[in-house]
Amino acid sequence: MPYKAVLFDAFGTIVQIKERTHPYRHLLKEGMRGGRQPKSDDIHRLMTLNLGLPEAAEHLRIPVSLTRLAEINQMLVDELSSIEAFPDAGEAMAVLRSHNIAIGVVSNLAQPYGSAVKRLFPDLDAYIFSYEQSILKPDPAIYRTACQMLGTAPGHMFDGDRVAMVGDSLRCDRDGPRAVGITGVHLSRSGAGSTTNLLDFARDIVAYE
């Protein structure tokens, strides 16, 4: 049975940050300097709220001067501008496109990073970002939403469409998808795993025709 759709993780899978400035880490540290204690759900909120960095600071009630906020926002701008696509990502997608396989990206990220993914990959069939869906991988709902947006209905064995997902997280890109009937594949660019690049992954997918 051929695959109908493929889902990609974003960071570490199809895109990479070349110059890390860690703006959100600096923002949270600024809160600590101002007497705000970190909360266990800070990262969850940053990735499930459709807010830019200044709005996130206000929402989390982080005391920060306008001057320092501008400095941290510039860190964000610098980090975003350094984001590049992995060379094998476009090649893999071209292979999938040539076989009429729908493509989506499913990623846990803060709002400003979504535009960078769309800038580098502007013509995908679906973008499923945690800050837009208000849920994080490996919540089953985010994978089901992705499949619904791609017009597929994954199922176990012979019950449903064949859908695959690939990414660098065992928990979010392999095990999470498998729990809802998606073929989850772990990408290990270090060479430690069985799948080390996206082009070989795509060739394996189209071989199921």
*Asks:* Do other residues, nucleotides or ligands put more than 12 heavy atoms under 6.0 Å from R171 CZ?
*Replies:*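 Atom CZ in R171 is not packed in, count stays at 12 or less.
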*Asks:* Could you give me the CA-CA distance, side-chain angles and deciding distance for R20 and E79, then say whether salt bridge (Lys or Arg N to Asp or Glu O under 4.0 Å) is met?
*Replies:* CA-CA 6 Å; R20 292 187 177 274; E79 185 165 280; 5.2 Å; no
*Asks:* Could you walk me through whether R174 and D168 pass salt bridge (Lys or Arg N to Asp or Glu O under 4.0 Å), step by step?
*Replies:* CA-CA 8 Å; R174 187 193 69 178; D168 63 336; over 6 Å; no
*Asks:* Under 3.5 Å, sequence neighbours excluded: what are the donor-acceptor pairs made by side chains of residues 43-57?
*Replies:*
| residue | atom | partner | partner atom | Å |
| --- | --- | --- | --- | --- |
| T48 | OG1 | H44 | O | 2.6 |
| N50 | OD1 | Q111 | NE2 | 3.4 |
| E55 | OE1 | G52 | N | 3.2 |

*Asks:* Atom CZ of residue position R25 - does it have more than 12 heavy atoms of other residues, nucleotides or ligands inside 6.0 Å?
*Replies:*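 At most 12 heavy atoms, drawn from other residues, nucleotides or ligands, come within 6.0 Å of this atom.
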*Asks:* Check whether any side-chain heavy atom of D42 sits under 4.5 Å from a side-chain heavy atom of R36, and report yes or no.
*Replies:*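 Yes, close enough: below the 4.5 Å cut-off.
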*Asks:* Are any of the side-chain heavy atoms of H99 and Y3 separated by less than 4.5 Å?
*Replies:*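 Not in contact.
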*Asks:* Is any side-chain heavy atom of D161 closer than 4.5 Å to a side-chain heavy atom of P154?
*Replies:*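 The answer is no, as the side chains (C-beta and beyond) never meet within the 4.5 Å cut-off.
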*Asks:* With the side chain counted from C-beta on, respond yes when I205 and L96 share a heavy-atom pair under 4.5 Å apart, and no when they do not.
*Replies:*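 They are in contact (side-chain heavy atoms under 4.5 Å apart), so the answer is yes.
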*Asks:* Would you say that I101 contacts V95 through its side chain, given a criterion of any heavy-atom pair below 4.5 Å between the two side chains?
*Replies:*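 Sidechains of V95 and I101: no contact.
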*Asks:* Look up atom OG in S65 and atom CD in E30, then write down how far apart they are to the nearest 0.5 Å.
*Replies:*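 The CD atom of E30 is 6.5 Å from OG of S65, to the nearest 0.5 Å.
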*Asks:* Under 3.5 Å, is there a donor-acceptor pair linking the side chains of S190 and S188?
*Replies:*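 There is such a pair between these side chains.
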*Asks:* Going by heavy atoms in the side chains, are L124 and V117 under 4.5 Å from each other?
*Replies:*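 They are not in contact (no side-chain heavy atoms under 4.5 Å apart), so the answer is no.
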*Asks:* Please check if V166 and V106 belong to a single hydrophobic cluster, counting links between Ile, Leu, Val, Met, Phe, Trp and Tyr side chain heavy atoms closer than 4.5 Å.
*Replies:*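 Result: no, two separate clusters.
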*Asks:* In the single-linkage hydrophobic clustering (I, L, V, M, F, W, Y; side-chain heavy atoms under 4.5 Å), do V185 and I182 co-cluster?
*Replies:*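 Cluster IDs for V185 and I182 differ.
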*Asks:* Between CG of L80 and CG of L76, what distance do you get to the nearest 0.5 Å?
*Replies:*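 CG of L76 is found 4.5 Å from CG of L80.
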*Asks:* To check you understand the geometry: which heavy-atom pair defines the closest contact between F86 and G12, and what is its length?
*Replies:*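 Looks like CE1-C, 3.7 Å.
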*Asks:* Determine the minimum heavy-atom distance between G114 and L109, stating which atoms define it.
*Replies:*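 Looking at all heavy atoms of both residues, the shortest contact is N-CD1, 4.1 Å.
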*Asks:* Just by modelled atom types, is the M75 backbone N or O under 3.5 Å from a matching donor or acceptor in the T21 side chain?
*Replies:*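 Side chain of T21 to backbone of M75: a pair is present.
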*Asks:* Would you say the side-chain atoms of R178 pair up with the backbone N or O of G184, donor to acceptor, closer than 3.5 Å?
*Replies:*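 Answer holds: yes.
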*Asks:* Closest heavy-atom contact between P112 and S115?
*Replies:*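 For P112 and S115, the tightest heavy-atom pair comes out as O-OG, 3.0 Å.
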*Asks:* If you round to the nearest 0.5 Å, how far is CD1 of I17 from CD of E84?
*Replies:*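 Spacing of CD (E84) from CD1 (I17) equals 11.5 Å.
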*Asks:* In terms of ring plane angle, is the pair F129 and Y127 parallel, tilted or perpendicular, where the classes change at 30° and 60°?
*Replies:*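 Judged by the thresholds at 30° and 60°, the geometry between F129 and Y127 is tilted.
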*Asks:* Is L150 linked to M93 within one hydrophobic cluster, defined over Ile, Leu, Val, Met, Phe, Trp and Tyr using a side-chain heavy-atom separation of less than 4.5 Å?
*Replies:*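 Result: no, two separate clusters.
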*Asks:* Assess whether side chain to side chain contact (heavy atoms under 4.5 Å, CB included) is satisfied between V163 and T183, documenting all intermediate values.
*Replies:* CA-CA 6 Å; V163 180; T183 303; over 6 Å; no
*Asks:* Can you name the residues that form a side chain to side chain donor-acceptor pair (under 3.5 Å) with R97, not counting sequence neighbours?
*Replies:*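 R97 satisfies side chain to side chain donor-acceptor pair (under 3.5 Å) with D125 once adjacent residues are dropped.
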*Asks:* Kindly indicate, with the supporting measurements, whether the criterion side chain to side chain contact (heavy atoms under 4.5 Å, CB included) is fulfilled by L187 and F201.
*Replies:* CA-CA 9 Å; L187 174 69; F201 161 78; over 6 Å; no
*Asks:* With rounding to the nearest 0.5 Å, note down the distance linking CZ in F8 to OG1 in T13.
*Replies:*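 Between atom CZ of F8 and atom OG1 of T13 there are 9.0 Å.
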*Asks:* Using every non-hydrogen atom in the two residues, find where M165 and P177 come nearest and quote the distance to one decimal.
*Replies:*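 That closest heavy-atom pairing would be SD-CG, 3.7 Å.
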*Asks:* Is any side-chain heavy atom of V15 closer than 4.5 Å to one of F121?
*Replies:*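 Touching, per the 4.5 Å side-chain cut-off.
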*Asks:* Honestly curious: do L28 and M32 fall in one hydrophobic cluster under the side-chain, below-4.5 Å linking rule?
*Replies:*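 Shared cluster, no.
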*Asks:* Tell me, please, which residues at least two apart from Y113 pass ring pair (Phe, Tyr, Trp, His ring centres under 6.0 Å).
*Replies:*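 Result, ring pair (Phe, Tyr, Trp, His ring centres under 6.0 Å) vs Y113: F11.
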*Asks:* With sequence neighbours excluded, what pairs up with N197 under the side-chain contact (heavy atoms from CB on, under 4.5 Å) test?
*Replies:*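 Per chain and number, N197 pairs via side-chain contact (heavy atoms from CB on, under 4.5 Å) with D88, L199, D200.
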*Asks:* Is there any side-chain hydrogen bond (donor to acceptor under 3.5 Å, both in side chains) pair reaching into residues 133-147, and which pairs are they, with sequence neighbours excluded?
*Replies:*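 For residues 133-147: D9-K137, K137-D173.
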*Asks:* So if you build clusters from Ile, Leu, Val, Met, Phe, Trp, Tyr with side-chain heavy-atom gaps below 4.5 Å, do L170 and L198 land together?
*Replies:*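 As far as the 4.5 Å side-chain criterion goes, L198 and L170 are not connected within one cluster.
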*Asks:* Would you sort out whether I128 and M149 count as a side chain to side chain contact (heavy atoms under 4.5 Å, CB included), showing the intermediate values?
*Replies:* CA-CA 9 Å; I128 304 89; M149 292 175 68; 3.6 Å; yes
*Asks:* Looking at every non-hydrogen atom in both residues, tell me the closest pair between E19 and S82 and how far apart they are.
*Replies:*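 Shortest heavy-atom separation between E19 and S82 comes out as N-OG, 3.1 Å.
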*Asks:* Which distance, rounded to the nearest 0.5 Å, do you find between the CD of Q74 and the CD of E71?
*Replies:*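 Between atom CD of Q74 and atom CD of E71 there are 10.0 Å.
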*Asks:* Name all residues meeting the side-chain contact (heavy atoms from CB on, under 4.5 Å) criterion together with P87; count only those two or more places apart in sequence or in a different chain, and write none if there are none.
*Replies:*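 side-chain contact (heavy atoms from CB on, under 4.5 Å) check on P87 returns nothing, list empty.
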*Asks:* Should Y131 and S107 count as side-chain neighbours, where that means a heavy-atom distance under 4.5 Å?
*Replies:*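 A side-chain contact is absent here, since even the closest heavy-atom pair is not under 4.5 Å.
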*Asks:* Please find the pair of heavy atoms, one from P140 and one from V180, that lie closest to each other, and give the distance.
*Replies:*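 Between these two residues, the closest heavy atoms are CB-CG1, 3.6 Å.
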*Asks:* How long is the straight-line distance from CD1 of I142 back to CD of E132, given to the nearest 0.5 Å?
*Replies:*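 One gets 10.0 Å once the value is rounded to the nearest 0.5 Å.
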*Asks:* Evaluate the criterion side chain to side chain contact (heavy atoms under 4.5 Å, CB included) for residue pair K4 and R162; output intermediate values, then yes/no.
*Replies:* CA-CA 6 Å; K4 296 291 186 65; R162 198 160 198 169; 5.5 Å; no
